[in-house]
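A, B, ... follow the sequence lines: proteins, then strands. Residue 1 opens every chain.
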Amino acid sequence: MKLSKGFIPTLKEVPTEAVIPSHVLMIRSGMVRQVSAGIYSFLPLGYKVIKKITEIIREEMNAIGGQEFHLPALNPIEIWEETGRVEAFGDTLFHIKNRDYVLAPTHEEIMTFHARGVLKSYKDLPQIWYQIQTKFRNEPRPRSGVIRGRQFLMKDAYTFDVDTDALDISYELHDKAYRKIFDRCGINYFVVGASSGAMGGSKSEEFMVKSDAGEDTVAYCESCGYAANIEVAESVVDGAVRHYESKEVYEIHTPNVKSIDELCEFLKIDEEETAKSRIYIHDGNPVLILMQGNNEVNESKLEGILGGTVRPGHKEELKDITGADAGSIGPVGFKYRILADIKLKDANNLYSGANKNDYHIGGIDLKRDVPSVEYFDLRVIETGEKCARCGNSLEVFKAIELGHIFKLGTKYSESLGANYLDEDGKAHPIVMGSYGIGVERVLACYLEQNYDDNGIIWDNNLAPYQFHLMGLNMKVDEIIDACGKIYNDLTAKGFEVLFDDRNNVQAGFKFNDADLLGMPVQIIVGGKGLKENSVEVKVRRTGERMKVSLDNLYEELEKLV
RNA sequence: CGGGGCGUAGCGUAGUCCGGUUAGCGCGCCUGCUUUGGGAGCAGGAGGUCGCAGGUUCGAAUCCUGCCGCCCCGACCA
C-alpha cells in the first residue's frame, strides 16, 4: 500500500475523548474513528488488523472441528421470549421500534433454533458451531474505546453434546484453542475461574488481561497461577491472637470517634485490636457483619453465605436497629444475627462500638460476650496476602475480560426443545457449551501491552504490514527507483509492505509516522545510503538499526520476519 | 440512573468568572517559491450557525432556563 494513496489519517495530537493508551493509539494511528458513544468505524488499517485476528481465531476454531456460521443480527423477539431472556437482558437488549425484532446481543437462541429438530440423534453429536459477527448491546455506559461498546465483534461458539462427560471434552478443546489463539496474538493473559452470571450454566473460565482499563478485579498468584475474581478470591491470613487472659468489658467515652482509624488514634491501639461493624439487610432482617480493623466486607461472599441478595443498611435505619448511628455500632448486645470474618475467630480483648453514640467498648471476648457469632470468610482480599494454594504473595488488580468459556448445560435446549434420541430411543435435551471472544478487545489488549512513547509496536502475527518502506526524498530519481524496486520485489515475495512514498513530507515526519504505526521492520531509503549501495533497516521493537547492502537486503529482511 | 468535567474551524485550544472591535492561537488544509535523514522556511489564502432551542439586554461564545452530545468515577456488565 502506498501511503500517498492510502487512507491512513494519523494524528499528531491526542484526541480529548481518548484516555487509555490503546484507545489513543487506535485513533492516532488511523485505525478507528468514533461515530457515537460506544460505536466505532474501523478504517482500513484497523480493519486489516481485525481480519488478522479473526483469521487466527478461525484457524484455531476450525482446527478443533468448528464450523463457521453467518447468522442474522435481527432476531424475532418471540425466540428470546421463549428462553426468558427478554426480561433477563432488560434494557441491555436493543428493541426494533417498527417490527417485533431485537438486535441480537449473543446467539444462544439462534444456534439452538438451528440445532432443534436437526440434531436428532446421538449420532449427530458432537457439534461445534461458531460465528464471528457483530453483537448489539445497549450498554448504559460505553467506555475505554472499543473495550466496551454498544456494537462489537464477537466470536462465539456453541457446542452440542450428548452428556456432561462429552461436554467436558468440548470444553477442554476450547480451553486449549483459546490459549493457542491468545498466544498467537502475542497477548499476555491469564485464566480465571468465574461465575457465569446471567448466561446460566455451571463451570466457566475467563481469559483475562491485566489492565487498569479493566472492569473486573482479580487476585492472581504469579508463582502458581491461582487466579480468581475478587468476588470469590480467597487467601490465607493469620487469625487474630487470643490473649491468655480476657479483660472485663468496659465502656469508653469516645466523642466524635467514627472510623476505625480515629478509634486507633484516640486509644493508641492497633487496627488488629478493633472490630468494625457493618449492618446489612437480608430478606428484610438486619445482620451485623463484624470485620477486623478496616477489612472490607465482600458482599458477593456474603450473598453466597446468606443466599439471595443483601444491601447495606441505610443510615436512617441504623439507630432503630442498633441504638446508635454508624461509627458506634458493635456486636455486644446486638439483637439480631451476627456474622464475623474468620480472621476474628475467638478473638478477645477487642475494641468495638457500644451501640450508644460516642461510646465504644473494650475488652470484648467474642467467645464470652457474643456467643451467637458465626464465622465465615467475608473479607475482600488485598495485594500481598498469601495465596491459598501455594502460600506465595497474591496480587490484586484490574483486568479486561478477553474471552469466556462456559458449560451451559441444558438451559437453552430445554427451553427451546432441542432434544436428541439416545441409543435406546430415549429423548434427552442436548448438553451445550458457549464460548466467546471479544475481537476488538484482543486488539485493544494487544495495544495496551505493546507500545512505547512513539507509538505502536506490532509483532508479525497481527501487524497490518510486515514492512514499512520509507523513501526519504521522493523527488530524487535514485531514491524513487530504489524504493520502487524494493516495494515490487517484497510484494512479489508475498509480503505486505506499507510504502511511504509521499513526496511532500519531510524525513522526520516519515520517521515519526513509521514509529507511530509500528510495523515490525522499517526500511529506510535515503541518498547517503544509496551512494554506498545500502539502505537502513530498523527493528521497531528494539530500535536496533543496521546498514544493509542492497545485494543481500531480502535475505536480511526475511531473517527479521 | 447518581456524581464530576467538557462542547469555540478537520484536530488541539484561548476567550466565558466580570456581556461591548472583524472570535484569537498552534497543527493540519489550498497556492507559489525554497527545503529534503528525526514532525521544514518564507509569502499569500480558504475554513466558524461559538452543541441546539428559548430568554434577559441597546448588545450574548460570555448571563438565565430547558434540551442534546461526549468523556471520567460509581451503579450495571450477558
Measuring only the [atom1] atom in each nucleotide, how far is [N] from [M]? A whole number of Å is fine.
{"N": "B/rG26", "M": "B/rG45", "atom1": "P", "result": "15 Å"}
{"N": "B/rU62", "M": "B/rG54", "atom1": "P", "result": "14 Å"}
{"N": "B/rA53", "M": "B/rG2", "atom1": "P", "result": "26 Å"}

May I ask you to establish whether A/Lys48 and A/Tyr465 are in a cation-pi arrangement, using a distance under 6.0 Å from NZ or CZ to the six-membered ring centre and at most 45° from the ring axis?
-> yes
Keeping the roles fixed (side chain from A/Arg150, backbone from A/Asn138), state whether a donor-acceptor pair exists under 3.5 Å.
-> no
Decide yes or no, distance alone: a donor-acceptor N/O pair under 3.5 angstrom between the base of B/rG37 and the side-chain of A/Glu536.
-> yes
Return yes if the base of B/rU35 and the side-chain atoms of A/Lys475 contain a donor-acceptor N/O pair under 3.5 Å, otherwise no.
-> yes
Using residues 517-532 of chain A as the side-chain source, report each donor-acceptor pair under 3.5 Å to any protein atom, sequence neighbours left out, with the distance given to one decimal.
unit_1   : atom_1 : unit_2   : atom_2 : d
A/Gln522 : NE2    : A/Asp515 : OD1    : 2.8
A/Glu532 : OE1    : A/Lys547 : NZ     : 2.6

Within this structure, what is the CG-to-P distance between A/Asn504 and B/rU31, rounded to whole angstrom?
-> 10 Å
Rounded off to whole Å, could you give me the CG-to-C1' distance for the A/Asn503 and B/rG37 pair?
-> 17 Å
Reading RNA chain B 5' to 3', how would its secondary structure be written in dot-bracket notation, given Watson-Crick and G-U pairs with both distances under 3.5 Å, brackets [ ] for crossing pairs and | for partners on other strands?
-> ((((((((.[[[[.)....(...]]]].((((((.....)))))).....[[[[[..)....]]]]])))))))....
Using distance only, find each side-chain donor-acceptor pair of residues 18-25 of chain A under 3.5 Å and give its atom names and separation, not counting sequence neighbours.
unit_1  : atom_1 : unit_2   : atom_2 : d
A/Ser22 : OG     : A/Glu448 : OE2    : 2.7
A/His23 : NE2    : A/Tyr40  : OH     : 3.2

Phosphate oxygens OP1/OP2 of [N]: is one of them under 4.0 Å from a side-chain N or O of [X]?
{"X": "A/Gln506", "N": "B/rG41", "answer": "no"}
{"X": "A/Arg143", "N": "B/rC70", "answer": "no"}
{"X": "A/Thr16", "N": "B/rC6", "answer": "no"}

Residues touching RNA chain B, which here means a heavy atom under 4.0 Å, drawn from residues 440-451 of chain A = none
Picking from [options], which would you name as closest to the side chain of [X]?
{"X": "A/Ser36", "options": "B/rG39, B/rC70, B/rG12", "result": "B/rC70"}
{"X": "A/Glu215", "options": "B/rG39, B/rC71, B/rC77", "result": "B/rC77"}
{"X": "A/Arg148", "options": "B/rC70, B/rC72, B/rC77", "result": "B/rC77"}
{"X": "A/Glu17", "options": "B/rC76, B/rG39, B/rC71", "result": "B/rC71"}
{"X": "A/Arg141", "options": "B/rG39, B/rG12, B/rA75", "result": "B/rA75"}

Please set out all donor-acceptor pairs under 3.5 angstrom arising from side-chain atoms of residues 4-15 of chain A, sequence neighbours excluded.
unit_1  : atom_1 : unit_2   : atom_2 : d
A/Ser4  : OG     : A/Asp501 : OD1    : 3.0
A/Ser4  : OG     : A/Asp501 : OD2    : 2.7
A/Thr10 : OG1    : A/Asp513 : OD1    : 3.2
A/Thr10 : OG1    : A/Asp513 : OD2    : 3.4

Residues that A/Arg541 engages under salt bridge (Lys or Arg N to Asp or Glu O under 4.0 Å), provided they are two or more places apart = A/Asp459
